Each structure stands twice: as C-alpha cells, then as structure tokens.
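Keep in mind that this is a model prediction, so the values were computed, not measured. Hydrogens, waters and symmetry mates are skipped; everything else that's a heavy atom, side chains included, is used.
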Amino acid sequence: MAARRILKAVLVDLSGTLHVEDTAIPGAQEALRRLREAPVALRFVTNTTKECKQTLLERLHQLNFDIQEDEIFTSLTAARNLLEQKNVRPMLLVDDSALRDFEGVATHSPNALVIGLAPQHFNYETMNEAFRLALDGAPIIAIHKARYYKKKDGLALGPGPFVTALEYATDTRATVVGKPEKTFFLEALRSTGCSPAEAIMIGDDCRDDVGGAQNAGMLGILVKTGKYRAGDEGKIDPAPYVVCDSFPQAVDHILKNLL
C-alpha cells in the first residue's frame, strides 16, 4: 500500500463501478453521498460510447445518483475535442445514441475515422467502408480500446478488438483518446485544479481505470464489480494501490485512510 498523501480529488468510473446498465451497485448511492461530505473534488470519468452524456446523466439520475453534468468527463468529449483540434471530418462509427455528442461536427466527405462501441454497425459492409477510408490515409481515432465490458447477461466485446482489426488490416496505429491514456486523466482533472499526486481513481477495469490512472501519477483502487475477474489485480505493474469488494468499500477506505 502506498504511503499516505494529501487527497484532494476522487475520480470515479461509472459502468461497472456505480452501476451495470440499469442496476446500481448495492450501496453505491449512499456511499457517494458519504464521499460528497468529504473535502474532495469529484469527477466521474467514463469510456462509455453507447450513449451521449445527457442520456447517461438521465440514467444515473433514475438510479438516484447525485451527479451533475459538469462533473462527468467522457471519452466522447475527448474525441470531439480532438476532432475540433485537427479540423477533420469524421466517419462516426459509434452507437446511434452517442451521435448527439457530435452535433455540429461536419461529416461530409470524411477524411478521418472515429470508432467506439457500435454493435449495430460492426458488420462486414460498414467495417470494410472504414477499412478503405483508413487505407486511403484517414487517421483512426479510437474512443477507447477496451477488450470487453459488463452487461447484465455477462461480458461482451468492447471496441478494442474492432479497432485492432482495422489497425492490423491497414498497418497503422489508432490514436486513442479515452482511458487508459494519460491525457484523458489529466484533462478530467484539469477543472479540479488538483495534480495527479493529489488524486485517486476508483474503477472496475484493472488496465484502463487503475493502470491508466497510476501511470498518470494517481493512486488507483480496483473494485471487484462489473467486468472484474479474479486475478485482474496481477495484470498491471505496479499493482493497484488497494483492491476493494465494491464502491462502498472503496469509499470507506478513502474516508478512513486518506483524509
């Protein structure tokens, strides 16, 4: 366990950590209320590309989570920011429900490819269109490269395998904007005014949540909910700062040991 240090910000993953689809992790709402009483800034960071930020916020409110829109930082936001910086016109290979976060972005005659989790579009015809676009030189922007994620009925393929297929076929490398990229965590922290050394991340993905945060200079707490599988904590080096059964236990640890 890492040495005690001053904690000023807590970053919290959403899917798999606070909820799985439309079901909250037991005790998560009360644990969040307790965490809000502590003198720390909160940010909720997610790689979800299945829905826009507004739909996600509505889902969280329906589950009685006290979360504000400006506290959420998504990989969709990071992808849009990069598109605007590069001034490119993307082919948006994302879930239809996520398109709202790209309103106003020009997509005619695309010269870039944005790929997220889009199960209804991961068919041969659409993937081949994306392949040809990238083969002609369009940069591939991956919202994230998660291997899999947790659904109610079990684990499901994430966008990572499809991004990797396009990289392999075109002999190129995608630019990844979501977790576990260091820039994602730093951008999420920017509005808090805190440094990585003053922050901790709670998540169910050992590589993308915990490994990414720790590589950015934060502490990382791995929770055994969502996509967690036995032995995940041994897949990164350094190992997670601490492993907890669920979000409420992670909050207990923070309140008792880091404040």
Side-chain angles (χ1 to χ4, degrees), residues 7 9-38 40-51 53-69 71-75 97 117 144 146-158 178-180 185 188 199-214 218-233 235-236 240-259:
L7 185 68
V10 180
L11 272 57
V12 184
D13 174 53
L14 292 173
S15 178
T17 301
L18 293 186
H19 70 99
V20 174
E21 296 185 336
D22 292 322
T23 302
I25 298 298
Q29 297 98 326
E30 176 57 30
L32 179 58
R33 283 192 283 269
R34 290 190 288 116
L35 187 57
R36 281 205 180 279
E37 295 174 357
V40 294
L42 292 178
R43 291 296 180 270
F44 301 89
V45 293
T46 176
N47 267 351
T48 186
T49 61
K50 301 186 297 297
E51 55 196 0
K53 183 188 287 189
Q54 184 59 43
T55 301
L56 173 62
L57 185 64
E58 291 170 359
R59 179 197 297 270
L60 293 168
H61 285 171
Q62 288 170 1
L63 294 174
N64 295 316
F65 283 108
D66 177 19
I67 296 174
Q68 306 306 312
E69 184 174 1
E71 295 178 314
I72 300 175
F73 187 73
T74 78
S75 52
S97 63
L117 183 62
H144 63 94
R147 294 166 170 81
Y148 50 85
Y149 68 104
K150 177 70 172 179
K151 296 180 64 175
K152 285 182 180 178
D153 60 356
L155 296 176
L157 283 174
K179 297 179 287 185
F185 289 99
I200 195 165
M201 172 76 201
I202 306 172
D204 67 316
D205 189 312
C206 194
R207 294 186 180 93
D208 289 358
D209 292 331
V210 178
Q214 294 189 156
M218 307 177 195
L219 296 179
I221 297 180
L222 178 65
V223 292
K224 296 182 177 181
T225 54
K227 69 190 299 182
Y228 172 85
R229 294 175 68 82
D232 277 357
E233 54 267 46
K235 294 179 179 178
I236 61 171
Y241 158 68
V242 72
V243 180
C244 296
D245 286 340
S246 66
F247 178 70
Q249 284 70 44
V251 170
D252 287 343
H253 179 87
I254 289 172
L255 297 179
K256 291 176 182 177
N257 298 283
L258 296 175
L259 295 175

Answer whether the closest heavy-atom distance between the side chains of [X] and [Y] falls below 4.5 Å.
X: Phe44; Y: Leu60; value: no
X: Pro180; Y: Arg207; value: no
X: Leu32; Y: Ile67; value: yes
X: Leu259; Y: Leu7; value: yes
X: Asp13; Y: Ile202; value: no
X: Asp252; Y: Arg34; value: yes
X: Thr48; Y: Ser15; value: no

Locate the shortest heavy-atom distance separating [X] from [Y]; write the atom from each residue and the value.
X: Ala188; Y: Val45; answer: CB-CG1, 3.6 Å
X: Asp209; Y: Met201; answer: O-CG, 3.6 Å
X: Pro240; Y: Cys206; answer: CG-SG, 4.3 Å
X: Pro248; Y: Ala31; answer: CA-CB, 3.6 Å
X: Gly16; Y: Thr225; answer: O-OG1, 2.7 Å
X: Lys224; Y: Val243; answer: CE-CG1, 3.6 Å

(message) Tell me whether the count of non-hydrogen atoms from other residues, nucleotides or ligands lying under 6.0 Å of CZ in Arg36 goes above 12.
(response)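 Enclosed: over 12 neighbouring heavy atoms sit under 6.0 Å from CZ of Arg36.
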(message) For Lys151, is the NZ atom crowded, meaning more than 12 foreign heavy atoms sit under 6.0 Å from it?
(response)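 No, NZ of Lys151 has 12 or fewer neighbouring heavy atoms, counting only those of other groups under 6.0 Å.
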Would the distance check show the side chain of [X] and the main-chain N or O of [Y] forming a donor-acceptor pair, the cut-off being under 3.5 Å?
X: Asn47; Y: Lys179; value: yes
X: Lys227; Y: Tyr148; value: yes
X: Lys53; Y: Thr74; value: no
X: Gln214; Y: Tyr241; value: yes

Look up atom [atom1] in [X] and atom [atom2] in [Y], then write down how far apart they are to the nearest 0.5 Å.
X: Phe247; Y: Ile221; atom1: CZ; atom2: CD1; answer: 9.5 Å
X: Glu51; Y: Thr46; atom1: CD; atom2: OG1; answer: 8.0 Å
X: Leu14; Y: Leu56; atom1: CG; atom2: CG; answer: 5.5 Å
X: Tyr149; Y: Asp204; atom1: OH; atom2: CG; answer: 13.0 Å
X: Leu42; Y: Leu11; atom1: CG; atom2: CG; answer: 9.0 Å
X: Lys235; Y: Asp232; atom1: NZ; atom2: CG; answer: 4.0 Å

(message) Under 3.5 Å, is there a donor on one side chain and an acceptor on the other for Gln249 and Ser246?
(response)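 A donor-acceptor contact under 3.5 Å links the two side chains.
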(request) Would you check, one step at a time, whether the test side-chain contact (heavy atoms from CB on, under 4.5 Å) holds for Ile200 with Val10? (result) CA-CA 5 Å; Ile200 195 165; Val10 180; 3.9 Å; yes
(request) Not counting sequence neighbours, list each pair that qualifies as a side chain to side chain donor-acceptor pair (under 3.5 Å) and has a residue in residues 18-29. (result)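 Matches after skipping sequence neighbours: Asp22-Arg59.
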